[in-house]
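Values below: every heavy atom of this structure, side chains too, minus hydrogens, waters and symmetry copies. We number each residue from 1, following the sequence as shown.
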Amino acid sequence: MKKPGGAEKKKVRRSQSLQSNTDTPRKQAAPKDVFQVFSEKARDHKDLVSRWAVLQETRVEYFRGKDFVSFVRNHLELKDILESDRSLEAEDIANILLKKNLLVRCDRVVKTVRPGKKKLSTFPAHLEIYHDQVFSENDAFFAWTFVKRRPLWQTLLSFCWPVLTLAICLFPVYPHQVKLLILYSCAGLLLLILCLLLLRGLVFGALWILLGKRFWLFPNILAEEATLKELFQFWPQKDEGERPKWTARLFYAIAGVVVISLLRHHAPDEAARARYQKRVSNIIDDVLEWSPSLALSGIIEKQPVVNITEPNDNVTDSKSSDEKLFSSGDSDDETIPNEEVEEVTENTEDSDYHQNT
């Protein structure tokens, strides 16, 4: 007889072997780098002020050293991601990120103050790699080197672009009411943008000439690297440039008056404006009123109608018409020499009469 203790030992060995097999994949899977996770969280955080610039013909996202230090001090909960290294200071964390090639220290390309400015720009548009890859707060810039994870809405939006392109191509076959809605919506949006840009220019020009102040409404409306919140910022920041000279303000004021007077003098008259408006309205009406049914009916009307069941009648009719044309041509040719003969005989009779007399 077999001992029951041996069966129990075999069961224990099997259970241990199964546990060891299930634990091996967990041990083989390498844990994710905590500094990589910290970098992703810090980059996606809205409180870390960052901008976009060109670094060696590549667009990169970067931040300033002092902004990173203040960000880490104000958000200590992010340091919990570092687990055992949560007690490190902001400078030490940045140096570790530099060693792991998650960051790269950069420097501004233009190091001289531009004419009319008191100091260098806060966020330069062009950067170059700095020779000493050590963290610093004093006028130091640091760019992220890893590719940012794309959010879900951007992925969904990428699938919508082909659909939008196809919808634009199919605009001629839309119903008339839909065409009107799209036309007036696009025209209204375009008019709003042009009016906004014109208002910005007028306000800036008037305040610059009269008071010498640089005042831009919606200062980031044309910026490429601005976020959505900064794009619709209404009130501009404080003017950091020096006040322009009165001679330059006077010159531009005179130039503006001359340009406006020339435009008024050479403006088209009422008749020319009416002709242009009529031409544009005709083009718009042609686009709005076009439809596939009208296009197909126009093509059918242009084709000649041929009766296949009566080919002989068509042939005889064409022959009779050709004979009439030839007969009329022959009669015209015969009448011409008869008239010439009569004129010649009349001339000879006149000459004989003069000789006899």
Side-chain angles (χ1 to χ4, degrees), residues 30-151 154 219-220 222-227 229-231 237-242:
K32 193 172 184 180
D33 189 4
V34 292
F35 288 95
Q36 176 74 30
V37 178
F38 176 83
S39 301
E40 294 176 356
K41 295 290 185 180
R43 186 175 183 178
D44 294 335
H45 207 286
K46 62 180 181 180
D47 291 341
L48 181 59
V49 182
S50 61
R51 294 290 187 276
W52 288 86
V54 178
L55 175 65
Q56 296 180 352
E57 299 181 356
T58 305
R59 286 181 58 84
V60 294
E61 187 179 4
Y62 72 99
F63 56 88
R64 298 183 299 177
K66 58 182 181 180
D67 293 335
F68 181 77
V69 173
S70 61
F71 169 75
V72 173
R73 289 175 181 173
N74 295 330
H75 298 278
L76 297 176
E77 67 276 5
L78 290 177
K79 297 175 69 175
D80 296 336
I81 301 174
L82 302 178
E83 298 176 354
S84 61
D85 297 327
R86 64 171 59 92
S87 60
L88 294 176
E89 297 294 331
E91 293 83 357
D92 299 331
I93 295 173
N95 286 322
I96 294 175
L97 295 180
L98 289 170
K99 291 179 181 179
K100 291 180 175 292
N101 293 326
L102 297 173
L103 286 178
V104 59
R105 183 176 176 179
C106 307
D107 193 10
R108 61 177 78 243
V109 175
V110 180
K111 299 178 177 64
T112 57
V113 181
R114 294 181 179 179
K117 299 288 184 179
K118 293 183 180 180
K119 60 180 182 179
L120 295 171
S121 59
T122 306
F123 291 96
H126 297 274
L127 298 174
E128 60 183 3
I129 297 177
Y130 193 68
H131 59 86
D132 190 9
Q133 294 295 316
V134 179
F135 183 79
S136 176
E137 297 185 37
N138 301 323
D139 198 24
F141 306 98
F142 300 89
W144 300 106
T145 57
F146 60 91
V147 179
K148 188 176 181 180
R149 185 179 298 176
R150 181 178 296 181
Q154 289 186 359
N220 301 322
L222 299 177
E224 296 181 357
E225 67 278 1
T227 60
K229 182 180 179 181
E230 295 173 349
L231 191 65
Q237 297 178 356
K238 187 179 179 181
D239 186 14
E240 299 177 354
E242 62 178 289

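Pairs passing the ring pair (Phe, Tyr, Trp, His ring centres under 6.0 Å) check and including a residue from residues 79-118, sequence neighbours excluded, do not occur. Listed by first then second residue, pairs satisfying ring pair (Phe, Tyr, Trp, His ring centres under 6.0 Å) with a partner in residues 112-135 read F135-F142, not counting sequence neighbours. For residues 63-113, every residue pair satisfying the ring pair (Phe, Tyr, Trp, His ring centres under 6.0 Å) rule, not counting sequence neighbours, is listed here: H45-F71, H45-H75, F63-F68, F63-W144, F71-H75. Evaluation of the ring pair (Phe, Tyr, Trp, His ring centres under 6.0 Å) test over residues 85-112, restricted to residues two or more places apart or in two chains, returns none.
Shown here for R108 and T122, the closest heavy-atom pair between the two residues is NH2-O, 4.4 Å. Minimum interatomic distance between A143 and C106 (heavy atoms only, all atoms of both residues): CB-SG, 4.0 Å. The nearest pair of heavy atoms linking L55 to L127 is CD1-O, 3.5 Å.
Side chains of L82 and I93 form a contact here, defined as non-hydrogen atoms less than 4.5 Å apart. At least one side-chain heavy atom of S39 sits under 4.5 Å from a side-chain heavy atom of F146. Between I96 and L88 there is a side-chain heavy-atom pair separated by less than 4.5 Å.
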Test log, rule salt bridge (charged side-chain N to carboxylate O under 4.0 Å, His left out), inputs K79 and D85: CA-CA 8 Å; K79 297 175 69 175; D85 297 327; over 6 Å; no
Residue pair R105, D132: steps toward the salt bridge (charged side-chain N to carboxylate O under 4.0 Å, His left out) verdict: CA-CA 8 Å; R105 183 176 176 179; D132 190 9; 5.1 Å; no
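Under the salt bridge (Lys or Arg N to Asp or Glu O under 4.0 Å) criterion, E137 pairs with no residue, sequence neighbours left out. Residues satisfying the salt bridge (Lys or Arg N to Asp or Glu O under 4.0 Å) criterion with E61, sequence neighbours excluded, are R43.
Open room surrounds NZ on K66; 12 or fewer heavy atoms of other groups in view lie less than 6.0 Å from it. Counting non-hydrogen atoms of neighbouring residues, nucleotides and ligands closer than 6.0 angstrom, the NZ atom of K111 exceeds 12 such neighbours.
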